[in-house]
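In what follows, a structure is listed as structure tokens, so that the remarks can point back to it.
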Amino acid sequence: MGELHRIHLPHPGVTVLGVLTADGRVAAGASFVVPERITDGWHLRNVLLAHLRHVVPHGLRRRSPMHSAVVLQCRDTPADWTDLDGAWMWALRDASVLHGLRCGAYITLTEDGWQVLGESRHGRSPQAGSWARRTVSTVRELPSREHLPALTAAAESRPRPALLPAAPVAQMAAH
């Protein structure tokens with residue numbers, strides 16, 4: 001979770017989709033904003049599938065999944081359970097299965113800290129506002145975006161979902 005936060009630096013309203021290796025390292029990921037009007041699990045699943053297709057090849061031909069998908073939902077509302085959390089959890093499970101991945105955790109990130117919903121794991125750092133409180137003394141300390149122009153050029157040739165265009169943060173080579 002910490003590595004996803006460090007790479008994407010989400011702020012309230014941003015969703016981070018991460019693909020993790022078996023040892024928990026980030027293999028690929030995407031961050032995006034979902035319009036508030038989209039609250040149905042089917043639509044959220046399709047959003048996740050669209051982003052998964054852009055950042056990692058499917059693993060449907062494998063005997064067992066090699067990677068896990070996780071969702072980090074950064075929000076400014078309390079960490080309490082909401083109906084939308086249930087829709088996101090269903091969407092994550094279904095999108096993971098349809099893309100040949102293990103279903104990982106659904107994590108909320110608020111001003112109080114992070115929480116894995118459905119489990120008792122939680123912590124105070126990072127939290128929803130920690131991206132803004134981090135002091136940066138040089139430009140070199142900002143997240144690296146040097147690979148973004150090449151990925152953006154390649155991604156522009158592919159069809160994108162009409163509602164949620166987002167450039168992938170990392171790409172993974174096909175195995």
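Separating the OG atom in S31 from the NE2 atom in H11 is a distance of 8.0 Å, to the nearest 0.5 Å. Rounding to the nearest 0.5 Å gives a distance of 11.0 Å between CG of L49 and NE2 of H54. Distance OG1/T15 to CG/L72: 8.5 Å, rounded to 0.5 Å. Atom OG1 in T21 sits 6.0 Å away from atom NE2 in H67 (nearest 0.5 Å). The distance from atom CH2 of W81 to atom CE of M89, rounded to the nearest 0.5 Å, is 5.0 Å. The distance from atom CD1 of I38 to atom CG of L44, rounded to the nearest 0.5 Å, is 7.0 Å.
Closest approach of R45 to A95, counting heavy atoms only: CG-N, 3.8 Å. In terms of heavy-atom proximity, V56 sits nearest to A28 at CB-CB, 4.5 Å.
Side chain of D94 to main chain of A91: no donor-acceptor pair is present (N/O by atom type, distance under 3.5 Å, no hydrogens or angles). R102 places a side-chain N or O within 3.5 Å of a backbone atom of P65 that can act as its donor or acceptor partner.
In this structure, H58 and H99 have perpendicular ring planes: the angle between them is above 60°, well past the 30° mark.
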Kindly indicate, with the supporting measurements, whether the criterion side chain to side chain contact (heavy atoms under 4.5 Å, CB included) is fulfilled by L17 and L52. CA-CA 8 Å; L17 171 64; L52 282 171; 3.7 Å; yes

Report the C-alpha separation of V71 and W88 in whole Å, then their side-chain angles, then the decisive distance to 0.1 Å, and conclude whether the side chain to side chain contact (heavy atoms under 4.5 Å, CB included) test is met. CA-CA 8 Å; V71 168; W88 272 112; 4.3 Å; yes

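Counting heavy atoms from C-beta on, the side chains of R75 and L109 never come closer than 4.5 Å. Contact of the P12 side chain with the C74 side chain is registered, since non-hydrogen atoms from C-beta on lie closer than 4.5 Å. Between V70 and Y106 there is no side-chain heavy-atom pair separated by less than 4.5 Å.
V26 and V116 fall within a single hydrophobic cluster, where Ile, Leu, Val, Met, Phe, Trp and Tyr are joined by side-chain heavy atoms under 4.5 Å apart, directly or via other members. With hydrophobic clusters built from ILVMFWY side chains whose heavy atoms lie under 4.5 angstrom apart, V97 does not share a cluster with L20. L98 and W42 fall into different hydrophobic clusters, defined by Ile, Leu, Val, Met, Phe, Trp and Tyr side-chain heavy atoms under 4.5 Å apart, directly or through other members. Tracing side-chain contacts under 4.5 Å through hydrophobic residues (I, L, V, M, F, W, Y), one never reaches V47 starting from W90; they form parts of separate clusters.
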